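To start, the structure itself, in structure tokens.
Order of listing sets the numbers, starting from 1, for every ligand and every atom in it. None of the values given here were measured: they were computed from a predicted structure. The first residue in the sequence is number 1, and the count goes up from there.
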Amino acid sequence: MPMVVIKELCSGCGACVRACPNQAITLRVKESEVDQERCQDCEECIFVCPNGAITGVSRKH
Ligand code: SF4
Ligand code: SF4
């Protein structure tokens, strides 16, 4: 399942952006965002996020 960022928990540190091997995460003004098309579910971003702000969601078809 692709990841999503829980905006309330994201501090905008950018760790997930650097960790993602697919350049699927973009850092916004104060929060990051996952490109659902690029995310390959490797879960690297989950492990590096210091705030537990990234979680998986079911793909919508
Ligand atoms: S799960 Fe992997 S591919 Fe998907 S956003 Fe996180 S680091 Fe990138
Ligand atoms: S690692 Fe977590 S806190 Fe840092 S930018 Fe990514 S989602 Fe936000």
Side-chain angles (χ1 to χ4, degrees):
M1 68 184 94
M3 303 303 138
V4 292
V5 176
I6 301 169
K7 298 184 189 311
E8 289 75 16
L9 297 178
C10 177
S11 63
C13 71
C16 58
V17 176
R18 290 189 293 275
C20 179
N22 298 303
Q23 290 79 50
I25 310 182
T26 307
L27 198 59
R28 301 295 183 194
V29 177
K30 196 181 157 295
E31 67 202 23
S32 56
E33 183 175 85
V34 177
D35 183 330
Q36 302 299 308
E37 298 298 320
R38 291 190 178 194
C39 177
Q40 297 300 313
D41 309 343
C42 70
E43 301 189 352
E44 284 296 323
C45 53
I46 291 180
F47 293 115
V48 300
C49 180
N51 300 318
I54 303 186
T55 186
V57 293
S58 297
R59 286 189 189 275
K60 297 191 185 82
H61 289 291

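The proximity of V17 to ligand 2, defined as any non-hydrogen pair under 4.0 Å, does not occur for either the backbone or the side chain. Only the side chain of S32 comes within 4.0 Å of ligand 2, counting heavy atoms alone; its backbone N, CA, C and O stay farther away.
The line from CD of Q36 to SG of C39 is 6.5 Å long, rounded to the nearest 0.5 Å. Distance check, rounded to the nearest 0.5 Å: SG of C16 to CD1 of I25 gives 4.0 Å. Distance CD1/I46 to CD/E44: 10.0 Å, rounded to 0.5 Å. M3 contributes atom CE, which lies 12.0 Å from atom SG of C49 (distance to the nearest 0.5 angstrom). The structure places CZ of R18 at 12.5 Å from SG of C20, a figure rounded to the nearest 0.5 Å.
Without hydrogens or angle criteria, D41 side chain to M1 main chain gives a donor-acceptor distance under 3.5 Å.
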Candidate pair T26 and D35, rule side chain to side chain contact (heavy atoms under 4.5 Å, CB included), full reasoning: CA-CA 8 Å; T26 307; D35 183 330; 5.8 Å; no
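Set against the non-hydrogen atoms of N51, the atoms of ligand 2 under 4.0 Å away are 3 (S). Residue contact check: I54 has heavy atoms under 4.0 Å from atoms 7 (S) of ligand 2. Shown in contact with M3 at under 4.0 Å from a heavy atom are these atoms of ligand 1, numbered in order with element: 1 (S), 6 (Fe). With ligand atoms numbered from 1 in the order given, ligand 1 contributes 3 (S) to contacts under 4.0 Å with heavy atoms of N22. Which parts of ligand 1 touch Q40 is read off a 4.0 Å heavy-atom cut-off, strictly below it: atoms 3 (S), 4 (Fe). Near S11, the atoms of ligand 2 lying under 4.0 angstrom from a non-hydrogen atom of the residue are 3 (S), 8 (Fe). Every atom of ligand 2 with a heavy atom of P50 under 4.0 Å away is listed here by number and element: 1 (S). Interface of V34 with ligand 1, defined as ligand atoms under 4.0 Å from a residue heavy atom, comprises 5 (S). For ligand 1, the atoms lying closer than 4.0 Å to a non-hydrogen atom of I25 are 5 (S). With ligand atoms numbered from 1 in the order given, ligand 2 contributes 3 (S), 5 (S), 7 (S), 8 (Fe) to contacts under 4.0 Å with heavy atoms of C10. Each of the atoms 1 (S), 2 (Fe), 3 (S), 7 (S) of ligand 2 lies under 4.0 Å from some heavy atom of C49. Residue C45 has at least one heavy-atom neighbour below 4.0 Å for each of these atoms of ligand 1: 1 (S), 5 (S), 6 (Fe), 7 (S).
In terms of heavy atoms, P50 sits closest to C13 at CD-SG, 3.9 Å.
Ligand 2 does not have G52 within reach: every non-hydrogen atom of the residue lies 4.0 Å or more from it. Not a single heavy atom of V48 sits closer than 4.0 Å to an atom of ligand 2.
Protein heavy atom at the shortest distance from atom 4 (Fe) of ligand 1 is C39 SG, 2.4 Å. The protein heavy atom nearest to atom 2 (Fe) of ligand 1 is C42 SG, 2.3 Å. In this structure, atom 1 (S) of ligand 1 lies nearest to the protein heavy atom E43 N, 3.1 Å. Protein heavy atom in closest approach to atom 5 (S) of ligand 2: G14 N, 3.2 Å. Closest protein heavy atom to atom 8 (Fe) of ligand 1: C20 SG, 2.3 Å.
At least one side-chain heavy atom of V4 sits under 4.5 Å from a side-chain heavy atom of T55. A heavy-atom distance below 4.5 Å is not found between the side chains of V34 and C45.
Taking backbone and side chain together, C16 holds an N, O or S atom under 2.8 Å from atom 6 (Fe) of ligand 2.
In this structure, L27 is a member of the same hydrophobic cluster as V5, with clusters built from ILVMFWY side-chain heavy atoms closer than 4.5 Å.
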